[in-house]
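All remarks here apply to the structure that follows.
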Amino acid sequence: MKYLPTLLLALVLSSCATFQGNAGKVLASTSQTVDAAMQSWAQYLKVNPLPPSRQYKVQKAYQNYQVSMAAAEKAYIALAKNGDKNGWQQASIALTASQAEIIAAITAITGKGTK
Amino acid sequence: MTGAQIFQLISIFGPKALDLIESLVATWSKELTLDEVLAFTGKARKTYQEYLDEAGVVTPPDPT
């Protein structure tokens with residue numbers, strides 16, 4: 001029984017570490033996925049040149065992603081340094097949505113996908 | 001990562017999806033430091049035009 005506070009503390013600390021750890025992995029994997037999508041998009045454009053008006057939706061979606069990533073990065077730093085979880089949930093939702101927007105914009109133009 | 005998710009990635013990215021999947025598996029299999037995470041997030045600072053320039057994309061003008 002006397003070890004219960006220590007045990008509880010260890011549990012809280014480990015769950016905090018897991019929360020932060022997962023947050024970092026969400027950021028990293030989103031970054032990797034969008035980077036790959038944008039490289040594929042650029043390769044598609046190299047073979048299938050499109051004027052700016054046709055690229056606009058992808059460009060806009062990417063710019064929205066950049067804003068979301070900046071906010072998510074800020075929320076993650078607050079989480080990592082101060083244990084502040086408040087901003088992360090909202091930021092991660094927006095980030096995930098912006099990633100989906102990019103992929104949707106790309107596949108709407110390329111059809112089944114980029115090569 | 002489920003089979004359905006892998007199939008979706010392949011349909012979007014083509015064969016390069018396998019490289020992405022390998023990178024994602026590596027990312028999720030270990031703990032990342034703050035600096036490692038920030039190195040990933042820093043990739044988002046690349047501009048749209050920089051992606052095109054790196055690939056050698058030539059953008060034709062819009063028809064008048």
Side-chain angles (χ1 to χ4, degrees), chain A residues 17-18 20-56 58-63 65-70 72-74 76-77 79-81 95 98 103 106-107 110-115, chain B:
Chain A
T18 302
Q20 181 189 322
N22 286 343
K25 290 174 186 181
V26 165
L27 282 177
S29 55
T30 303
S31 166
Q32 288 170 293
T33 303
V34 170
D35 187 49
M38 291 305 294
Q39 286 186 40
S40 294
W41 170 243
Q43 287 301 318
Y44 175 85
L45 288 178
K46 191 173 176 181
V47 176
N48 306 280
L50 292 174
S53 61
R54 294 285 310 280
Q55 296 181 34
Y56 177 74
V58 175
Q59 183 176 13
K60 189 69 184 163
Y62 181 70
Q63 288 167 347
Y65 157 76
Q66 288 182 298
V67 171
S68 296
M69 178 56 90
E73 183 186 78
K74 194 174 171 184
Y76 175 75
I77 291 171
L79 172 64
K81 292 193 171 177
L95 183 67
S98 69
I103 292 176
I106 290 173
T107 53
T110 61
K112 282 204 166 181
T114 56
K115 298 278 183 274
Chain B
M1 184 170 283
T2 65
Q5 288 170 322
I6 292 172
F7 178 78
Q8 189 180 31
L9 283 175
I10 291 173
S11 71
I12 295 166
F13 298 116
K16 286 191 179 180
L18 298 176
D19 294 334
L20 173 60
I21 290 165
E22 197 177 331
S23 301
L24 292 174
V25 168
T27 295
W28 281 90
S29 65
K30 62 171 190 169
E31 289 304 312
L32 300 172
T33 64
L34 175 59
D35 286 344
E36 285 173 326
V37 172
L38 295 182
F40 279 114
T41 61
K43 288 185 180 185
R45 288 178 184 75
K46 194 169 180 179
T47 66
Y48 178 83
Q49 191 57 49
E50 281 172 334
Y51 275 108
L52 269 54
D53 290 344
E54 280 180 8
V57 171
V58 176
T59 298
D62 276 292
T64 51

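So that the names make sense, note that chain A is the first sequence line, chain B the second, and so on, each numbered from 1. These numbers come from a predicted model, not from an experiment.
Judged as a ring pair (Phe, Tyr, Trp, His ring centres under 6.0 Å), and not counting sequence neighbours, B/Phe40 has no contacts.
No side-chain heavy atom of B/Thr41 sits less than 4.5 Å from a side-chain heavy atom of A/Ser31. B/Leu34 has its side chain within reach of A/Lys81: a pair of non-hydrogen atoms, C-beta onward, lies under 4.5 Å apart. Put simply, the side chain of B/Val57 does not reach to within 4.5 Å of the side chain of A/Trp41, judged on heavy atoms. A/Thr33 places a side-chain heavy atom less than 4.5 Å from the side chain of B/Leu24.
Most heavy-atom pairs under 4.5 Å with chain B: of the set A/Ala72, A/Pro52, A/Ala70, A/Ala23, this distinction falls to A/Pro52. Ranked by heavy-atom pairs shorter than 4.5 Å toward chain A, the options B/Pro60, B/Pro63, B/Ala55 are led by B/Pro60.
Contact annotation for B/Lys46: both backbone and side-chain heavy atoms come within less than 4.5 Å of a heavy atom of chain A. If you measure heavy-atom distances from B/Pro61 to chain A, the contacts under 4.5 Å come from the backbone alone. Both the backbone and the side chain of A/Gln55 come within contact range of chain B, with heavy atoms under 4.5 Å apart. For chain B, the nearby part of A/Ala80 is the side chain; its heavy atoms alone come within less than 4.5 Å. A/Val47 does not touch chain B: none of its heavy atoms, backbone or side chain, sits under 4.5 Å away. Of the two parts of A/Leu50, only the backbone, made up of N, CA, C and O, holds a non-hydrogen atom closer than 4.5 Å to a non-hydrogen atom of chain B.
The shortest non-hydrogen separation linking A/Ser29 to B/Thr27 is N-CG2, 4.4 Å. Taking every heavy atom of both residues into account, B/Ala44 and A/Met69 meet most closely at CB-CG, 3.5 Å.
Summarising the geometry, atom CG belonging to B/Asp19 is positioned 10.0 Å from atom CD belonging to A/Gln39; distances are rounded to the nearest 0.5 Å. Taking OG1 of B/Thr47 as the start and CE of A/Met38 as the end, the distance is 9.0 Å to the nearest 0.5 Å. Distance check, rounded to the nearest 0.5 Å: CD1 of A/Ile77 to CG of B/Leu38 gives 5.0 Å.
For the pair B/Asp62 (side chain) and A/Pro51 (backbone), a donor-acceptor distance under 3.5 Å is absent.
The aromatic rings of B/Tyr48 and A/Tyr62 sit tilted relative to each other, their planes meeting at an angle between 30° and 60°.
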Inset, instruction - Evaluate the criterion salt bridge (Lys or Arg N to Asp or Glu O under 4.0 Å) for residue pair B/Glu54 and A/Lys46; output intermediate values, then yes/no. - result: CA-CA 10 Å; B/Glu54 280 180 8; A/Lys46 191 173 176 181; over 6 Å; no
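Taking 4.0 Å as the cut-off between side-chain N and carboxylate O, B/Glu36 and A/Lys25 do not count as a salt-bridged pair.
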